[in-house]
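Notes for the one structure printed next.
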Amino acid sequence: MNNGRSLPLVTIVTPSYNQSEFLEQTICSVLAQDYPAIEYLVVDGASTDTSVAIIRKYASRLHWWVSEPDNGQADAINKGLKRANGEIIAWLNSDDLYLPGVVTAAVDLLQAQPDLGFVYGDAITIDLTGRPINRLDFPDWTLEDLMAFRIICQPAVFMRRKVLERAGYLNESMHFMLDHQLWLRIASRAPIQHIPLMFAAARHHPTAKNVSQAEEFSRETYDVLAWMENQPEMVDIVDKNRRKILAGAYRLSARYLLDGGFFSEALITYGRALITHPRYAMQHWHRIVYAILRLVGGKSMGEWVYKNRPRKRLDLDSNSDLNDWVGLRFEG
């Protein structure tokens, strides 16, 4: 795995708040990794459900944990990031999962290419029960791609600590696009690279922020756009690719609005993307059609188009059987 080199310490941070129905699976997906040098930190925001009892069950296998009030997700994650001793760092939200072997795969590439700022893998989405929904495959993206609002699945990212410290921690004034803004800051300082392996399972459920607070995600997309226009290392890229970047902001905003059930607003925003950069906007043609059909009352036809859009087969054999994986339990 490491060709005789010493194993770098990997720090993983899990922010937690009132998600006890998922938290144990999240913790177990970290503890079940085959990589031996993991420092695991859990930062709970004074949960009022059974989260603290679950954390205590595994406390002997955690490097550190706390349960206290915080100022939101970014504050909680930053508490962990600032305590991290690892050369490589990641965070895993309390409703998501790592798939088998991902830490080893991330470490191997980061050691082989010491100039990389972060690596990211592919992911799947799962429902409340852990049933796979969709497959998320990503290409090798650059800073310019991220600036055009190409979105990486957050739990599939592993960062190099020294680059993170140069870029700065999460912006605590942001609550929705905080991870994407961090990726932009890191990618403006160091190369990034994709690993074509399934790294994580991101859970989609009605209380997830991208569904329950879709309008706020949409608004913060434009905040990131305005922020990029004032970054010295990005302003030239914005000027050269303004139409695509603006269309990317519209396209992503529309996607969040669509996920939140705001069909009219989503269609209007997709229209802005089409006017700005038709080719880039039409990569979301199935979502545009879905929005049109839902808006005119064709719920069943809209859902049929969305579910039957061209996509890759969901094949998890390269990792393991997900149903077995999410059922893992350990004794604390």
Side-chain angles (χ1 to χ4, degrees), residues 10-31 38-86 89-98 125-126 128 130 153-159 161 164-165 167-183 200-217 219-220 223-224 256 260 326 329-330 332:
V10 176
T11 299
I12 296 168
V13 177
T14 289
S16 164
Y17 184 67
N18 284 347
Q19 289 193 318
S20 59
E21 66 267 43
F22 311 127
L23 178 60
E24 186 169 20
Q25 290 181 348
T26 298
I27 292 173
C28 289
S29 78
V30 176
L31 299 180
I38 292 178
E39 175 186 73
Y40 192 20
L41 316 177
V42 178
V43 186
D44 183 76
S47 291
T48 56
D49 60 5
T50 60
S51 293
V52 173
I54 293 170
I55 297 168
R56 289 185 187 278
K57 177 179 177 180
Y58 298 95
S60 64
R61 302 188 64 181
L62 304 178
H63 179 76
W64 174 81
W65 71 275
V66 69
S67 181
E68 63 185 16
D70 56 48
N71 294 315
Q73 184 184 24
D75 178 36
I77 296 168
N78 280 345
K79 283 183 185 179
L81 296 180
K82 292 173 183 178
R83 279 184 167 265
N85 296 301
I89 300 179
W91 83 83
L92 183 69
N93 292 326
S94 56
D95 52 355
D96 297 332
L97 304 169
Y98 282 144
T125 57
I126 58 175
L128 282 165
C153 187
Q154 176 273 315
V157 174
F158 287 79
M159 305 169 283
R161 178 184 173 185
L164 169 65
E165 290 176 342
Y169 297 104
L170 289 167
N171 184 338
E172 294 183 13
S173 70
M174 304 192 76
H175 302 284
F176 305 96
M177 294 290 290
L178 65 169
D179 54 344
H180 190 69
Q181 194 211 34
L182 178 59
W183 309 155
R203 199 180 303 266
H204 282 206
H205 52 92
T207 59
K209 286 198 300 184
N210 63 318
V211 176
S212 63
Q213 302 180 64
E215 288 180 299
E216 292 302 310
F217 262 103
R219 178 193 57 76
E220 210 162 84
D223 291 344
V224 172
Y256 286 129
V326 299
R329 295 289 186 275
F330 294 89

With a 3.5 Å distance limit and no angle check, can you tell me whether [X] reaches the backbone of [Y] through a side-chain donor-acceptor pair?
X: Asn171; Y: Ser173; value: yes
X: Ser29; Y: Leu97; value: no
X: Thr26; Y: Ser94; value: yes
X: Gln154; Y: Asp179; value: no

Between Tyr256 and Met177, is the side chain to side chain contact (heavy atoms under 4.5 Å, CB included) condition met? List the steps.
CA-CA 11 Å; Tyr256 286 129; Met177 294 290 290; 4.0 Å; yes
If I compare all heavy atoms of [X] with all of [Y], which pair ends up nearest, and what's the gap?
X: Ser16; Y: Leu23; answer: OG-CD2, 3.8 Å
X: Ser47; Y: Ser67; answer: N-OG, 4.0 Å
X: Asp44; Y: Ser51; answer: OD1-CB, 3.9 Å
X: Ala46; Y: Tyr17; answer: O-CE1, 3.8 Å
X: Leu178; Y: Ala74; answer: CD1-CB, 3.5 Å
X: Val224; Y: Met174; answer: CG2-CE, 3.5 Å

With a 4.5 Å cut-off on side-chain heavy atoms, are [Y] and [X] touching?
X: Trp65; Y: Val52; result: yes
X: Ile27; Y: Thr14; result: no
X: Trp183; Y: Met159; result: yes
X: Val43; Y: Arg83; result: no
X: Lys79; Y: Tyr169; result: no
X: His175; Y: Glu216; result: no
X: Val42; Y: Tyr58; result: no
X: Leu170; Y: Gln73; result: no

Would you give the length of the straight line joining atom [atom1] of [X] to atom [atom2] of [Y], rounded to the nearest 0.5 angstrom?
X: Leu164; Y: Leu182; atom1: CG; atom2: CG; result: 6.0 Å
X: Arg61; Y: Leu31; atom1: CZ; atom2: CG; result: 4.5 Å
X: Ile38; Y: Ile12; atom1: CD1; atom2: CD1; result: 4.5 Å
X: Leu62; Y: Lys57; atom1: CG; atom2: NZ; result: 12.5 Å
X: Phe22; Y: Asn93; atom1: CZ; atom2: CG; result: 12.0 Å
X: Thr11; Y: Tyr40; atom1: OG1; atom2: OH; result: 12.0 Å

Taking atom types as modelled, is there a side-chain donor on [X] or [Y] under 3.5 Å from an acceptor on the other?
X: Glu172; Y: Asn71; value: no
X: Gln19; Y: Arg203; value: no
X: Gln181; Y: Asp223; value: no

Not counting sequence neighbours, which residues clear salt bridge (Lys or Arg N to Asp or Glu O under 4.0 Å) with Glu165? List them please.
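Arg161.
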